[in-house]
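Data first, discussion second: the structure below is written as structure tokens.
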Amino acid sequence: MTDEAPVIGVLALQGDVREHLTALAAAGAAARPVRRPEELAAVDGLVLPGGESTTISKLAVLFGVMEPLRARVRAGMPVYGTCAGLIMLAEKILDPRAGQETVGGIDMIVRRNAFGRQNESFEAAVEVKGLDGGPVEGVFIRAPWVESVGAGVEVLAEYDGHVVAVRQGNALATSFHPELTGDHRVHALFADMVRTSRAPESL
Ligand SMILES: NC(=O)CC[C@H](N)C(=O)O
């Protein structure tokens with residue numbers, strides 16, 4: 001049944017997991033934390049939260065979910081990364097920490113902590129392509145930006161001349177944190193991506 005709530009996991013190794021679970025539930029998804037490969041296998045889509053991308057990367061390897069996660073993303077599972085999660089979806093990090101790995105999935109190069117010390121945390125109105133109802137309140141916290149994208153990547157938003165939201169196929173990523181604002185439109189967009197990707201099997 002296509003009207004059943006999509007099951008969307010939040011990678012719960014480190015970061016702002018609870019806020020994403022709340023935002024996903026508000027957007028009509030059945031949301032649950034994911035730490036282990038068995039839990040990953042049971043979801044239709046996954047959010048990679050904000051936090052510290054090096055820590056998330058190391059814990060993902062330790063918990064044995066890094067490889068299964070790469071395999072599912074390659075196979076087309078819808079995935080949405082915010083901030084550190086955006087970094088996790090990059091094919092390449094310009095300034096990785098030692099031992100930092102990514103899942104990949106979006107053909108982009110990202111710069112960590114890109115907005116610099118003077119501007120570590122700030123909020124700005126961001127117009128996101130495909131979202132009705134005006135700009136979102138972009139909350140940026142030691143945020144990365146997207147330095148460059150490959151031909152298959154759609155740029156959904158820019159701030160101050162820098163790319164801060166992208167989509168490639170079933171992978172969506174934002175430098176900012178919609179889960180902290182009470183505006184659930186980006187999570188609703190992602191929930192729709194998950195519903196759409198499930199549809200053929202459930203017809
Ligand atoms: N709010 C965030 O997720 C910050 C990301 C963090 N600066 C990193 O490099 O992982």
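We count ligands from 1, going down the list as the structure has it; atoms in each ligand are counted the same way. Only heavy atoms go into these numbers, but all of them, side chains included; no hydrogens, no water, no symmetry mates.
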Parallel, tilted or perpendicular: ring planes of Y80 versus F190, cut at 30 and 60 degrees: tilted
Proximity to ligand 1 by part of I87, non-hydrogen separation under 4.0 Å: side chain
Contact partition for E52 relative to ligand 1, non-hydrogen atoms under 4.0 Å: both
Polar contact flag for N113 and ligand 1 (N/O pairs, less than 3.5 Å): yes
Distance-only N or O hit between ligand 1 and A84, under 3.5 Å: yes
Pair Y159 + F140: ring centers closer than 6.0 Å: yes
Side chains of S175 and H162, donor plus acceptor under 3.5 Å: no
Side-chain ion pair, E179 and R18, N-O less than 4.0 Å: no
Donor-acceptor pair, side chain of R185 and main chain of D132, under 3.5 angstrom: yes
N/O donor-acceptor pair under 3.5 Å between D44 side chain and V7 backbone: yes
For atom 5 (C) of ligand 1, the option (of G50, G51, P49) bearing the nearest heavy atom: G51
Identity and distance of the protein heavy atom lying nearest atom 8 (C) of ligand 1: S53 OG, 3.4 Å
Closest protein heavy atom to atom 2 (C) of ligand 1, given as residue, atom name and distance to 0.1 Å: C83 SG, 2.7 Å
